Amino acid sequence: MGAAETLFGKVIVTLSAFRLAYFYYLVPFLPIVGMLFVYILYKYGKTSNKGIALLFLVDQGKEDKIPLRLVPFALIGTWITHLFGGSAGREGVAVQLGGTIANWFDRTFKLAQNAGDIIVIGVAAGFAGLFGTPIAGTFFAMEVLEKGKLRYEVMIPTFIAAFVSSSTSKYLGLKTFQMPLHITLELDYLLLLKLFVVGIIFGFVGASFARILVKSKHFLAEKIPNQMIRIGIGGVALALFIIFLHEGRYAGTGSNLILASFGSETVYVYDWLLKLLLTILTVGIGFWGGEVTPLFSIGASLGAVIGHLVGLPISFAAALGYTSVFGSATNTLIAPIFIGGEIFGFEYTPYFVITSAVAYVFSRHHSIYPLQLIDNQNL
C-alpha cells in the first residue's frame with residue numbers, strides 16, 4: 001500500500017502542476033471527460049460504480065467482495081478529476097485502494113474469519129501511506145466504519161500495516177504535509193472559552209458539509225437519473241465556476257488554501273465556503289476523488305478567518321479547523337486528534353482534544369459516509 005499510494009500521490013502532484021500550466025486548455029473539457037469516464041465505468045465497472053460504499057457493504061456482510069477492477073477505475077477517475085480541474089480530494093482513492101487490496105489478500109489467503117477486520121487494516125494502510133500519519137490512519141480505520149465502536153481486536157495488525165505503509169511511502173519519496181506550529185500558549189479560562197466557541201463553529205460546518213453532500217447526491221440523482229447527463233450538465237456548471245472564481249483557486253485538493261492559511265498569502269473570508277460548495281458539486285454530480293483533503297482546506301481557511309475574529313494565533317486557529325472540520329464531517333473523534341499531533345506537534349494535543357470533542361458533539365451524527373453505522377443502524 002505504501003508503494004501504491006506513492007504512485008498515486010506523485011501522479012496527482014504531476015497532473016495538478018500540468019493543470020496549472022495549461023489551465024484554460026484543460027478545464028473546459030471537464031464535462032466531456034466526465035461523461036466518457038462514466039460511460040466506461042458503467043459499461044465495464046460492474047459493482048465498482050459503488051466506490052467507497054463497497055468497503056462498508058463488505059464490512060456489514062451485505063457484499064461478498066470488492067472487485068479488483070475498482071483499483072484502476074478509482075485511480076483513473078481521480079486523476080481525471082484533478083487533471084481537468086474538479087474540486088476533490090485524494091483520500092477516497094487511498095481508502096478504496098487499501099480496502100480493495102486487503103480484501104483480495106483476504107479472499108486469496110484466507111486471512112481472517114471476519115472480512116471487516118481486513119478492511120480496517122487495509123483502510124489504515126491506505127490512509128497512512130498517503131498522508132504520512134500512521135497513528136491517525138490506524139484510529140480512522142478503526143472508528144470510521146461504525147461510530148463509537150473501535151476494533152480493538154485488530155489494533156496491533158492495523159498499527160503495523162499503517163506504520164509500514166507510511167514508512168514505505170516516505171522512503172519512496174512521497175512528500176506529506178507537516179507544519180510544526182512553534183506557538184506558546186497557556187490554557188486559561190479565556191482560551192478554553194475560545195476553544196469551545198471555535199469547536200462549535202467547526203462542528204457545524206463539518207456537519208453541514210456532510211449533510212448537504214449526502215442530500216445533494218440524492219436530489220441530483222432523483223432530478224437527473226441518467227448519470228452521463230448529470231455529470232455532463234453539472235460538469236459545464238462546475239467548469240464555469242472553476243474558471244471564473246479566481247481562475248482555478250478552488251480546483252484540485254485545496255492544498256493551496258491550506259498553505260495560504262499557514263503562510264503569508266491572502267485568505268479570503270469566503271474561501272472556505274466556496275471550496276465547500278464546489279467540492280459538494282464535484283462529488284455530487286459524480287466525479288471521483290475524495291472529501292478529506294478539501295475538508296482540511298475548508299477547516300484551515302475557516303480557522304484562519306475565525307482566528308482574526310476571536311483573537312487566536314492564525315496558524316493555531318487554522319490547525320484547529322484543519323483537524324476539527326475533518327472529524328465532524330467524518331464522524332470520527334480520535335483520528336483528528338492524532339492528525340493534529342502528527343502534523344502540527346503533539347505538544348498541542350490538549351487543544352485538539354477540546355476542539356475535536358466539541359465539534360464531534362455538535363456534528364450530531366452527520367457523516368460524508370452515509371453507510372457508516374451508529375449502534376448497528378444506518379445514518
Side-chain angles (χ1 to χ4, degrees), residues 5-45 49 51 71-94 96-97 130 174-175 177 220 224 227-260 265-266 268 270-271 274-298 301:
E5 299 300 347
T6 300
L7 171 65
F8 170 64
K10 287 189 173 183
V11 172
I12 286 286
V13 172
T14 301
L15 294 178
S16 298
F18 190 81
R19 184 192 69 241
L20 289 174
Y22 300 96
F23 178 77
Y24 289 105
Y25 296 99
L26 293 172
V27 176
F29 289 95
L30 182 62
I32 298 174
V33 296
M35 294 175 69
L36 179 61
F37 175 76
V38 166
Y39 172 78
I40 297 174
L41 173 65
Y42 278 82
K43 186 174 180 63
Y44 301 104
N49 65 322
V71 171
F73 278 110
L75 288 172
I76 295 172
T78 303
W79 287 338
I80 287 174
T81 301
H82 285 270
L83 176 61
F84 291 93
S87 178
R90 307 167 295 168
E91 107 296 334
V93 176
Q96 290 175 64
L97 287 178
L130 185 64
L174 181 63
K175 295 182 180 179
F177 179 65
L220 291 170
I224 313 176
Q227 176 62 44
M228 283 189 62
I229 297 177
R230 183 163 69 247
I231 201 169
I233 296 174
V236 171
L238 178 62
L240 291 174
F241 284 132
I242 292 296
I243 291 172
F244 289 108
L245 293 175
H246 295 286
E247 300 178 315
R249 182 176 178 86
Y250 308 108
T253 62
S255 58
N256 57 319
L257 299 181
I258 295 174
L259 294 176
E265 298 180 36
T266 300
Y268 300 113
Y270 50 78
D271 272 341
L274 291 181
K275 185 62 180 176
L276 181 150
L277 295 175
L278 290 180
T279 301
I280 289 174
L281 177 60
T282 300
V283 179
I285 61 179
F287 283 100
W288 282 42
E291 299 91 356
V292 166
T293 311
L295 284 170
F296 290 154
S297 69
I298 292 166
S301 53

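Everything numeric in this text was worked out from a predicted model, so none of it was measured. Along the sequence shown, residues carry numbers from 1.
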How about OH on Tyr270, more than 12 heavy atoms from neighbouring residues, nucleotides or ligands closer than 6.0 Å, or not? yes
Which heavy atom in Arg90 sits nearest to a heavy atom in Leu130, and how many Å separate them? CB-CD2, 3.6 Å
Would you say Ile224 and Ile285 make side-chain contact, with heavy atoms under 4.5 Å? no
Side-chain heavy atoms of Phe241 within contact of Leu277, under 4.5 Å: no
Nearest-0.5 Å distance, CG of residue Asn256 to CG of residue Leu20: 8.5 Å
Rounded at 0.5 Å granularity, tell me how far CG in Leu281 sits from CG in Leu276. 11.5 Å
Does Phe177 have more than 12 heavy atoms from other residues, nucleotides or ligands lying within 6.0 Å of its CZ? yes
Interatomic spacing from CD1 in Ile76 to OG1 in Thr81 - rounded to 0.5 Å: 12.0 Å
Apply side chain to side chain contact (heavy atoms under 4.5 Å, CB included) to the pair Val27 and Phe84, showing each step before the final yes or no. CA-CA 5 Å; Val27 176; Phe84 291 93; over 6 Å; no
Please confirm whether the backbone N or O of Gly89 pairs with a side-chain atom of His82, one donor and one acceptor, at under 3.5 Å? yes
If I take atom CG from residue Leu174 and atom CG from residue Leu7, how far apart are they, to the nearest 0.5 angstrom? 10.0 Å
May I ask you to decide if Glu291's main-chain N or O and Glu91's side chain share a donor-acceptor pair within less than 3.5 Å? yes
Does OH in Tyr42 sit with more than 12 non-hydrogen atoms of other residues, nucleotides or ligands closer than 6.0 Å? yes
Dump the intermediate steps for side chain to side chain contact (heavy atoms under 4.5 Å, CB included) on Leu97 and Leu75, then the final yes or no. CA-CA 9 Å; Leu97 287 178; Leu75 288 172; 3.9 Å; yes
State, to 0.1 Å, how close Ala251 and Arg19 come at their nearest heavy-atom pair, and which atoms those are. CB-NE, 3.9 Å
Side chains of Leu274 and Tyr268: closer than 4.5 Å at any heavy-atom pair? no
Reported CD1-to-OG1 distance for the pair Ile242 and Thr282, which is rounded to 0.5 angstrom: 6.0 Å
Over 12 non-hydrogen atoms of neighbours within 6.0 angstrom of CZ in Phe23: yes
Nearest heavy atoms of Ala88 and Gly289, plus distance in Å: CB-CA, 4.1 Å
Using the rule given for side chain to side chain contact (heavy atoms under 4.5 Å, CB included), can you reason through Arg249 versus Leu245, listing the C-alpha separation, both sets of side-chain angles and the distance that settles it, and then say yes or no? CA-CA 7 Å; Arg249 182 176 178 86; Leu245 293 175; over 6 Å; no
Quick one: pull up CG in Leu30 and CG in Leu83 and give me the separation to the nearest 0.5 Å. 10.0 Å
I would like to know whether Tyr250 and Asp271 meet side-chain hydrogen bond (donor to acceptor under 3.5 Å, both in side chains); could you show each step before the answer? CA-CA 8 Å; Tyr250 308 108; Asp271 272 341; 2.5 Å; yes
Looking only at heavy atoms, the pair that brings Ser297 and Lys275 closest together is OG-CG, 3.6 Å
pair Phe18-Leu26: side-chain heavy atoms closer than 4.5 Å: yes
Closest contact, heavy atoms only, Thr279 versus Ser87: OG1-OG, 3.0 Å
Neighbour count above 12 (heavy atom, 6.0 Å) for Tyr24 OH: yes
How are the rings of Trp288 and Phe37 set to each other: parallel, tilted or perpendicular (split at 30° and 60°)? perpendicular
